[in-house]
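Here is how names work: the chains are called A, B, and so on, in the same order as the sequence lines, proteins then strands, and each is numbered from 1.
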Amino acid sequence: MSVSDWLLFLLVRSLSLASLPGSIPFSSLQVQPQPDAKMCDQTFLAITFGPCDSCGLNKPLMNIYLKNEPINYCSLCVELMACQGLATGETIHTLKAESESLKTKLEEERAKLHDVELHQVAEKVEALGQFVMKTRRTLKGHGNKVLCMDWCRDKRRIVSSSQDGKVIVWDAYTTNKEHAVTMPCTWVMACAYAPSGCAVACGGLDNKCSVYPLSLDKNENLSAKKKSVAMHTNYLSSCSFTNSDMQILTSSGDGTCALWDVESGQLLQSFHGHSADVLSLNLAPSETGNTFVSGGCDKKANVWDMRSGQNVQSFETHESDINSVKYYPSGDAFATGSDDATCRLYDLRADREVAIYSKESIIFGASSVDFSLSGRLLFAGYNDYTINVWDVLKGTRVAILFGHENRVSTVRVSPDGTAFCSGSWDNTLRSHSQVGCSSGKWWRWRLNGS
Amino acid sequence: MSGSSNIVAMKKIVQQLRFEANINRVKVSQAAAELQQFCIQNALQDPLLTGVSSSTNPFRTQKAFSCSCDISAGEKTKKTTAMMCN
């Protein structure tokens, strides 16, 4: 079909549309109370009605992003633009062929640099001594499954959220509950502590991320000061403050991640690229710049540039949903935990997977992963109620922790690295630390033969 | 119309793949060596790796030491029992 035929077809279509009797009150379809509020989504195509930026007619508009600029075109103008975008000779077939050849080229480039495995490089490193971890505290108080938790930077407070909609702030040393909030929704899958320690953010099935400022007055109703920051079109799976209390990064079941300004609730940047629910995200450690990694049900882990919204790297080697992603402390690599019962380490500079942490005896998915401070240990919580501790360099398991009576949903190491806390569907959180050995000689490191 | 949105989607995929194919990569041996270097440099500052002694561990059990030990058996036995109870 030539371009002129195509234009003729569109002209005929536009004439037939113009003859429709009456006009549907699209304002009734608006989901937002404010007409110009932004929503981050991938599922709705037309949510506003107004003048098209291109042809000027009042029509249902498609809100699309071109080079990260938001554009409001009517659907006709979007199609015209799509046709203009095709260079001569490009059809869907040539594009498909090019994408296949690029994918093969990508694989070849990655394979060229795969000269050795991580555990081979780490053969000279001294093996870890015997690990004895002890459960130090059990935090009881949630009435239902604990879904998420986060540490405060003061290394002693913890915020946790559960299926029944309760969000509780605990003092991990004394196990006292300091604050409790009841969210208007159930399945609060995400919670995060603000860097200042003065607020917590949480969200879940309400498709929103809300920030609650914490006050010293125990009697104050925290729900009164609640601020709704993020709006997605599907459940909120994960949220995290950036280096300040002013911005929040969220990921959602609608397949997108988004960066929001807390004060105004404005969408600062959105990240499109996943083709299914995004389940987890993690910001790079602050020394290494403005990137974050996200993992989702499309089995992909994507690394994003926060300023441009560009997907800079993508990894797809897992065989099932990625439940959790976490950066290595140096920021040069990240680990993932997945429903395929493996955890994997991806190096960002080598642009490939460099280690797999799996055993034939482990058949349940890993729901959450975290590194110890040096990055030598990887703690992973599994759906078989256990936590496995892996030696990151050698790829072997060094310890299993039992104790939870249902699947472990979240595992986080404290900011000073003295303990890690796990939350579970058995309604409890437990903090664990390494039992010290007074003689100390087993922890003195030497590279054998160097 | 699904035809043109498919084309737009395909173009995006091709552009993304072109971008990804052109990034600079290093060899796995070098990347792995640097990961290992970081681990070793920070190993001593990692309390979960080296363990913390009970006196400095903020998570130690705070209840009073109540364990029936044979005091008459001497200092050495008492010290061992204390370590075990922590």
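- Neither the backbone nor the side chain of Ala355(A) comes within contact range of chain B; no heavy atom of the residue lies under 4.5 Å from a heavy atom of that chain.
- Only the side chain of Ser431(A) comes within contact range of chain B, judged by heavy atoms closer than 4.5 Å.
- Distance check, rounded to the nearest 0.5 Å: CG of Asp115(A) to NZ of Lys27(B) gives 5.5 Å.
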Glu98(A)/Arg18(B) under side chain to side chain contact (heavy atoms under 4.5 Å, CB included): CA gap, chis, key distance, verdict | CA-CA 10 Å; Glu98(A) 190 176 356; Arg18(B) 273 190 206 140; 2.7 Å; yes
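- Of the atoms belonging to Gln45(B), it is backbone heavy atoms, and not side-chain ones, that fall under 4.5 Å from chain A.
- Interatomic distance, CD1 of Ile13(B) versus NZ of Lys103(A), reported as 6.5 Å (0.5 Å rounding).
- Here CD of Glu20(B) is found 6.5 Å from CZ of Arg110(A). Values are rounded to the nearest 0.5 Å.
- Put simply, CG on Asn24(B) and CZ on Arg349(A) are 12.5 Å apart, with the number rounded to the nearest 0.5 Å.
- Rounding to the nearest 0.5 Å gives a distance of 8.0 Å between CZ of Phe131(A) and CG of Leu48(B).
- Considering all non-hydrogen atoms of both residues, Leu128(A) and Leu49(B) come closest at CD2-CD1, 3.8 Å.
- Residue contact with chain A, scored on non-hydrogen atoms closer than 4.5 Å, involves the backbone and the side chain of Phe38(B) alike.
- Heavy-atom distances place no part of Val398(A) under 4.5 Å from chain B, backbone and side chain included.
- Heavy atoms closer than 4.5 Å to chain B are found in the side chain of Leu345(A), but not in its backbone.
- The number of heavy-atom neighbours closer than 6.0 Å to NZ of Lys155(A), taken from other residues, nucleotides and ligands shown, is 12 or below.
- Proximity to chain B (any heavy atom under 4.5 Å) is shown, for Lys112(A), by neither the backbone nor the side chain.
- Only the side chain of Arg352(A) has a heavy atom closer than 4.5 Å to any heavy atom of chain B.
- Looking at Val28(B) and Asp347(A), their side chains never come closer than 4.5 Å, going by heavy atoms from C-beta outward.
- With a 4.5 angstrom heavy-atom cutoff, Leu118(A) touches chain B via backbone and side-chain atoms both.
- Once rounded to the nearest 0.5 Å, the distance linking NE2 of His114(A) with OG of Ser29(B) reads 10.0 Å.
- Heavy atoms of Val354(A) lying under 4.5 Å from chain B belong exclusively to its side chain.
- With a 4.5 angstrom heavy-atom cutoff, Ile23(B) touches chain A only via side-chain atoms.
- The contact between Ser314(A) and chain B is made by backbone and side chain atoms together, counting heavy-atom distances below 4.5 Å.
- Listed here is the closest heavy atom pair of Asp46(B) and Ser374(A): OD2-OG, 2.7 Å.
- Counting heavy atoms from C-beta on, the side chains of Leu106(A) and Leu17(B) come closer than 4.5 Å.
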